[in-house]
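Residue numbering restarts at 1 for every chain, and letters A, B, ... go by the order of the sequence lines.
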Amino acid sequence: MGRAAKKRTRKEDADDTPAVVPVPAPGTAHVPAPAVPVERFDEDLGTQAEDTEAEVERAVICFGAFETYIVGVQYYSGTVSRNEQVRLVREPKNPYDRNAIQVNNILDIKVGHLPREKVLYLAPMLDRKLVHHASGVVTTGANNKYSIPVTLFLWGLPENKEEVIKRCRLGQLVLGHNIEPAARRVMELEPVTRTMDATEREDALDQLFKRLEEERQSTRMATPSETITAPLYPHQKEALAWMLHRENSNALPPFWSHEEKTGMYVNILSSYKTSVRPQVCRGGILADDMGLGKTLNTIALIASNRPGAAPPALEEAPKNDEPPAKKPKGKTKGPGPSKNAPKVLASKQDQVGSTSSPPSRDGPKATLIVCPVSVLSNWEQQIAEHTDGSLSVYRYHGASKTKVTDELARHDVVITTYGTLTADKGAVLNKVKWLRVVLDEAHNVKNPNVGQSIAARQLTAERRWAITGTPVQNRLNDLYSLLAFLRLQPLDDRSFWTRVVDKPVHAGNPVGYDRLVTLMTAIALRRTKEQKLKDGTPLVRLPPKEVLVQTVEMGLEDRARYSNLLRAAQETIGGMIEDGTLFGNYAHALEVILRLRQLCCHGALVPRGKNGEEKPVTPPTGEQMAQLLTVLRAGGLDDCCVCLGSMFHPVVTRCAHVFCRGCIVPALERKRSCPLCRADCEPGELVEAPPDEDGENGDGASTGVQTAPSAKTEALVARLKTDLRARGDGGRKAKAVVFSQFVTFIDIAQKSVEAAGFKCVRLTGGVSAAGREKCIREFQSPDADSPDVIFVSLKAGGVGINLTAASFVYMLDPWWNPATEDQAMDRVHRLGQDRPVKVVRFVCKDSIDEKMMELQQRKRELAKAAFVKKTEKERQEMRKADLSLLLSLTNLV
DNA sequence: ACCGCCGGGTGCC
DNA sequence: ACCGCCGGGTGCC
């Protein structure tokens with residue numbers, strides 16, 4: 001019988017359906033929910049799927065290991081070293097065997113395959129996610145010519161263990177735990193010798209990044225090419241030097257060392273040895289705080305590191321951050337004497353034993369910048385403003401896009417958006433060989449399994465940069481996405497990253513933190529605005545900012561309505577808190593709060609007659625939905641309790657809880673109940689708020705009819721009269737930005753201000769991208785007939801908007817989240833502002849406005865403890881406390 | 001000899 | 001591959 005079977009030809013083998021694949025007994029196979037079909041979501045919504053995947057990664061356990069071989073090694077170029085990990089990659093399209101699993105080394109170079117009879121059992125388990133992933137360790141025979149022994153470790157969720165063991169037995173795969181110690185060590189299965197407790201762990205992460213920020217102070221500086229017309233701050237010159245170094249240095253990437261004796265390169269995380277020098281990682285992460293001038297810095301890099309031109313000189317003797325390479329014999333060691341005679345990078349680096357490769361004259365020339373739509377024109381403006389026009393810029397966005405790759409490659413800079421990149425699907429942008437690719441606001445690329453990040457990864461570029469103003473340390477997971485984009489091998493492999501960094505950090509294993517430090521020191525630069533230069537001066541010197549609170553007395557009629565509404569609310573909501581029904585009736589509470597806040601602004605914002613009446617405490621009704629949508633449209637409420645971030649594409653559940661769409665949908669796909677109250681909930685029933693309607697008061701408030709002044713509008717006009725007219729400032733106009741979160745209130749206030757003789761423009765959510773640009777340009781203009789006042793709805797005034805022509809900021813109503821207010825003020829008080837800035841926050845006396853301010857203070861304190869993971873219970877308590885505070889239930893006004 | 005045995009050709013999936 | 005396996009050549013002692 002053996003003979004007959006063996007006589008089958010290859011062809012027959014190829015078509016051989018694996019009929020013997022074990023089929024699970026009904027009900028025994030626990031297959032986790034399939035990966036979330038994230039394509040359905042819009043561009044920024046990959047986060048939740050990504051987090052879910054990270055969670056699963058952390059939950060998987062090792063089922064055991066078995067011995068087998070890597071076969072067919074003679075056909076492939078990939079090599080393995082002793083005690084090195086290998087990656088297994090399913091190859092379902094293999095023409096000889098649909099169960100094929102290829103074995104790659106840590107640099108993802110193909111080494112061989114797993115034997116056919118083993119994959120017959122293993123592949124289906126991987127495909128059904130019974131085995132979450134498998135990885136191998138080579139301990140012996142690494143140099144074999146034809147096949148290499150390998151220990152395969154199977155990992156998966158605990159609930160699948162039994163099934164996997166059963167199937168392995170069927171396939172003669174003897175899953176054991178008596179694994180060779182060497183292999184165990186490589187897999188880091190050894191118990192952690194020292195773990196940190198929760199507080200220690202928070203401290204460690206916190207300290208780690210502080211340390212990075214501080215240690216980064218003593219770097220070199222570089223003066224940009226003279227095509228940059230703007231002067232650079234010292235910290236920007238430091239960043240430029242660092243970026244030039246990151247791009248041009250041929251130093252080994254992090255975690256690689258060079259063995260003098262053997263001449264081999266060794267990866268200290270994986271034991272991988274190779275005689276081929278690992279690919280240099282040109283680029284990195286620029287994660288400076290907002291307002292430190294990352295955009296200008298990047299432009300300076302683009303202008304200064306051009307093909308065929310010598311990169312700029314270094315101005316200061318650096319602290320040597322090269323690996324301690326041997327000094328060429330006969331030369332003096334210190335680069336010190338060259339202080340007054342700056343040398344180009346190349347010669348400097350030769351001194352420390354590392355060479356430099358500036359962009360080649362014959363290589364690609366174009367830099368691709370990928371950014372959110374909102375900052376697209378900011379890039380264009382800054383390039384126009386800060387360079388002498390010698391950079392040719394092409395905007396690859398919207399209707400007028402060339403399909404000719406050569407056309408793109410001819411420019412110095414091509415600017416596009418994440419949306420365009422994703423939609424491009426490799427048609428044009430992937431075909432160009434870029435000199436460098438810059439991802440601006442790189443935290444937008446979160447999920448390596450979703451469109452845009454895949455697209456970003458696939459771009460062909462010599463140099464790669466991730467620019468982000470959001471500190472990456474808050475979410476380790478986001479960091480992984482950036483590494484994947486930077487192609488930092490081998491950490492760009494998710495399972496490798498999880499094992500080597502993510503898991504140890506989450507387990508409190510100091511090894512994980514050490515690795516993070518090494519990694520971040522090597523490839524990331526982050527400074528904060530609070531940081532000081534070595535001589536003690538701050539990084540950026542901004543004119544002073546004065547923030548004061550102006551208390552306003554509500555008008556008599558508004559006050560009466562306010563009191564009635566508050567009294568009713570205190571009764572109903574106090575009752576709900578007491579009997580625990582609040583969280584089914586969150587909507588009601590939120591509407592009351594919204595109405596109170598609106599009354600503080602202007603009575604016309606609140607429709608008469610239907611307020612203050614008690615709402616019945618009932619299961620979800622259409623009315624409740626309507627309430628919630630009202631609140632949603634008025635712009636945001638709490639942070640989403642799934643991602644703990646601010647609401648993005650908020651949706652409402654049947655039980656009247658609000659989440660980001662991208663957060664709740666994957667959660668419901670796993671378990672069809674509300675994460676907050678566990679009520680049944682189908683993804684199909686989610687009610688969506690209209691996208692960024694921004695403060696529109698969607699319930700028929702009488703806009704435009706009653707424009708009688710309110711206390712706040714009167715106070716605003718009075719302020720403008722004294723502030724703007726008082727300050728002549730050498731012929732320059734004094735201008736003001738007025739923020740409110742209620743567009744309807746902006747309508748009313750704008751009329752009053754115009755009536756007082758001020759020229760106004762407005763920037764609210766409804767305005768198109770082109771309209772916004774025009775509006776900002778008009779306002780920023782120094783012309784005598786340019787606008788005096790710009791009204792901005794809080795959410796429309798997001799990052800990237802530059803309103804530095806103003807030196808007065810008026811906040812008409814306090815916002816729930818202090819960070820949002822800070823961000824708004826930063827539109828004015830930022831790089832480019834050369835006058836003192838005065839911020840006035842209008843607050844109604846004895847009202848919810850004051851409570852909002854208290855709440856802000858609380859939030860500020862809470863933000864400091866952001867690393868503390870809160871339980872659902874704790875978060876619920878917090879929200880309850882927030883509501884109580886707002887409605888003065890704890891200390892009645 | 002519709003076998004056994006020999007020795008050359010060959011080799012992942 | 002210093003293997004296993006395949007298939008052609010071959011055939012008493």
Side-chain angles (χ1 to χ4, degrees), chain A residues 1-23 63 65-156 164 167-175 180 183 186 270 272-276 490 493-496:
Chain A
M1 122 107 197
R3 195 175 184 98
K6 274 161 194 161
K7 279 203 170 179
R8 281 184 311 192
T9 65
R10 259 187 196 186
K11 184 92 188 92
E12 282 162 353
D13 267 7
D15 294 331
D16 187 21
T17 309
V20 283
V21 169
V23 174
F63 293 154
F66 60 89
E67 303 290 331
T68 180
Y69 289 88
I70 308 169
V71 295
V73 171
Q74 70 270 39
Y75 300 101
Y76 307 102
S77 57
T79 59
V80 211
S81 320
R82 202 178 144 76
N83 295 333
E84 191 202 346
Q85 190 203 358
V86 289
R87 306 178 183 190
L88 305 189
V89 182
R90 269 288 278 125
E91 203 186 355
K93 298 239 168 80
N94 186 302
Y96 303 103
D97 183 354
R98 69 184 67 168
N99 287 317
I101 295 177
Q102 69 176 57
V103 181
N104 292 3
N105 70 14
I106 206 66
L107 293 187
D108 227 14
I109 306 166
K110 194 166 178 180
V111 178
H113 285 97
L114 291 184
R116 166 165 293 190
E117 72 275 11
K118 306 288 183 197
V119 298
L120 188 58
Y121 290 85
L122 187 52
M125 290 195 283
L126 282 166
D127 294 345
R128 310 183 69 146
K129 304 254 163 123
L130 284 172
V131 173
H132 178 270
H133 68 272
S135 49
V137 176
V138 168
T139 52
T140 56
N143 297 319
N144 288 6
K145 229 170 147 184
Y146 304 101
S147 72
I148 300 172
V150 63
T151 311
L152 282 198
F153 292 78
L154 303 190
W155 309 77
V164 168
R167 287 171 179 235
C168 282
R169 209 177 296 129
L170 276 171
Q172 318 266 298
L173 311 171
V174 190
L175 261 192
E180 219 196 312
V186 172
S270 72
Y272 180 71
K273 278 187 195 179
T274 170
S275 56
V276 184
D493 177 90
R494 176 172 263 299
S495 70
F496 191 75

Rounded to whole angstrom units, what separation is found between the [atom1] atom of [X] and the [atom2] atom of [N]?
| X | N | atom1 | atom2 | answer |
| --- | --- | --- | --- | --- |
| A/Lys110 | B/dC12 | NZ | C1' | 9 Å |
| A/Tyr75 | B/dT10 | OH | P | 12 Å |
| A/Leu88 | B/dC13 | CG | P | 15 Å |
| A/Arg90 | B/dC13 | CZ | P | 14 Å |
| A/Arg98 | B/dC12 | CZ | P | 20 Å |
| A/Ile148 | C/dA1 | CD1 | C1' | 15 Å |
| A/Tyr76 | B/dC12 | OH | P | 9 Å |
| A/Asn143 | C/dA1 | CG | P | 13 Å |

Margin query: On a heavy-atom basis, which atom in A/Ile148 and which in A/Ala142 lie closest, and how many Å separate them?
Written below: CD1-O, 3.6 Å

Item checked: Nearest non-hydrogen partners of A/Pro115 and A/Tyr69, listed with the distance -> CD-O, 3.0 Å

Item checked: Stepwise side chain to side chain contact (heavy atoms under 4.5 Å, CB included) check, A/Val138 with A/Val111 -> CA-CA 12 Å; A/Val138 168; A/Val111 178; over 6 Å; no

Margin query: Please evaluate residues A/His132 and A/Trp155 with respect to the criterion ring pair (Phe, Tyr, Trp, His ring centres under 6.0 Å), reporting the C-alpha separation (whole Å), side-chain torsions for both, the decisive distance (0.1 Å), and the verdict.
Written below: CA-CA 6 Å; A/His132 178 270; A/Trp155 309 77; 9.5 Å; no

Notebook entry, point to check: A/Tyr96 on top of B/dC12's base, within under 5.5 Å and under 30°?
Noted result: no

Notebook entry, point to check: Between A/Asp108 and A/Asp493, is any pair of side-chain heavy atoms under 4.5 Å apart?
Noted result: no

Note to self: Whether the side chain of A/Tyr146 and the base of C/dC3 hold a donor-acceptor pair under 3.5 Å is what I'd like checked.
What the structure shows: no

Next item on the list: Return yes if the base of B/dC13 and the side-chain atoms of A/Asn94 contain a donor-acceptor N/O pair under 3.5 Å, otherwise no.
Entry: yes

Check: With sugar-phosphate meaning primed atoms plus P, OP1 and OP2, does A/Gln74 contact a base, only sugar-phosphate, or nothing at under 4.0 Å between heavy atoms?
Finding: base

Check: Heavy atoms under 4.0 Å, any strand shown: does A/Ile70 hit a base, just sugar-phosphate, or nothing?
Finding: nothing

Notebook entry, point to check: Are A/Gln102 and B/dC13 close enough that a side-chain N or O sits under 4.0 Å from OP1 or OP2?
Noted result: no

Note to self: Using the C1' atom as the point on both nucleotides, what is the distance between B/dC2 and C/dC13, in whole Å?
What the structure shows: 25 Å

Check: If you measure from the C1' atom in B/dC6 to the same atom in B/dA1, how many Å do you get, rounded?
Finding: 15 Å

Margin query: Need the pair for C/dA1. Rule: Watson-Crick or G-U wobble, both distances under 3.5 Å, any strand; none if unpaired.
Written below: none

